[in-house]
Amino acid sequence: MPPVDAALQALDQAMDRLEAAFVAREAQRAEDDAAARDRDVELATLRLEYDSLRDEYEQLRAVVAQVDGRLDGTVTRLRALLEG
């Protein structure tokens, strides 16, 4: 095989490897982008769930404070009745 043909063949093989590497990198990048989007969606979902739970907690806390106040008032009235 003449040197020029051998060089062209080597160049063709190098170009094929370069193209394969490029395609593989693009595929990996697409997977990475999809994984990043999935993480973003998961984080957004978790944030919404956290915010909802925090709101529920605040509502429960307000109810507990209200019940506690009513119980204190009831206990105070009962003591007054028993002592009076």
(request) Starting at CG of D55, measure out to CG of L60 and round the result to the nearest 0.5 Å. (result) 11.0 Å
(message) How about CD on Q28, more than 12 heavy atoms from neighbouring residues, nucleotides or ligands closer than 6.0 Å, or not?
(response) yes
(request) Look at atom CD of E19 and say whether more than 12 heavy atoms of other residues, nucleotides or ligands are closer to it than 6.0 Å. (result) no
(request) Hey, could you give me the OG1/CD distance between T45 and E49, rounded to the nearest 0.5 Å? (result) 8.5 Å
(message) Under a plain distance cut-off of 3.5 Å, with no hydrogens placed, do D5 and Q9 share a side-chain donor-acceptor pair?
(response) no
(message) For the CG atom of L43 and the CG atom of L48, what is their distance to the nearest 0.5 Å?
(response) 11.0 Å
(message) Quick check on the hydrophobic clustering: are V63 and L71 connected, directly or via other members, by side-chain heavy-atom contacts under 4.5 Å?
(response) yes
(request) Report the distance from atom CG of D12 to atom CZ of R17, rounding to the nearest 0.5 Å. (result) 11.0 Å
(message) Within this structure, what is the CZ-CG distance for the pair R37 and D40, rounded to the nearest 0.5 Å?
(response) 9.0 Å
(request) Let me see the working for R77 and T74 under side chain to side chain contact (heavy atoms under 4.5 Å, CB included), right down to the final yes or no. (result) CA-CA 5 Å; R77 284 191 306 273; T74 301; 3.5 Å; yes
(message) Surrounding CD of E42 (heavy atoms of other residues, nucleotides or ligands, distance under 6.0 Å), is the total greater than 12?
(response) no
(request) Without swapping roles, check the side chain of T76 against the backbone of D72 for a donor-acceptor pair under 3.5 Å. (result) yes
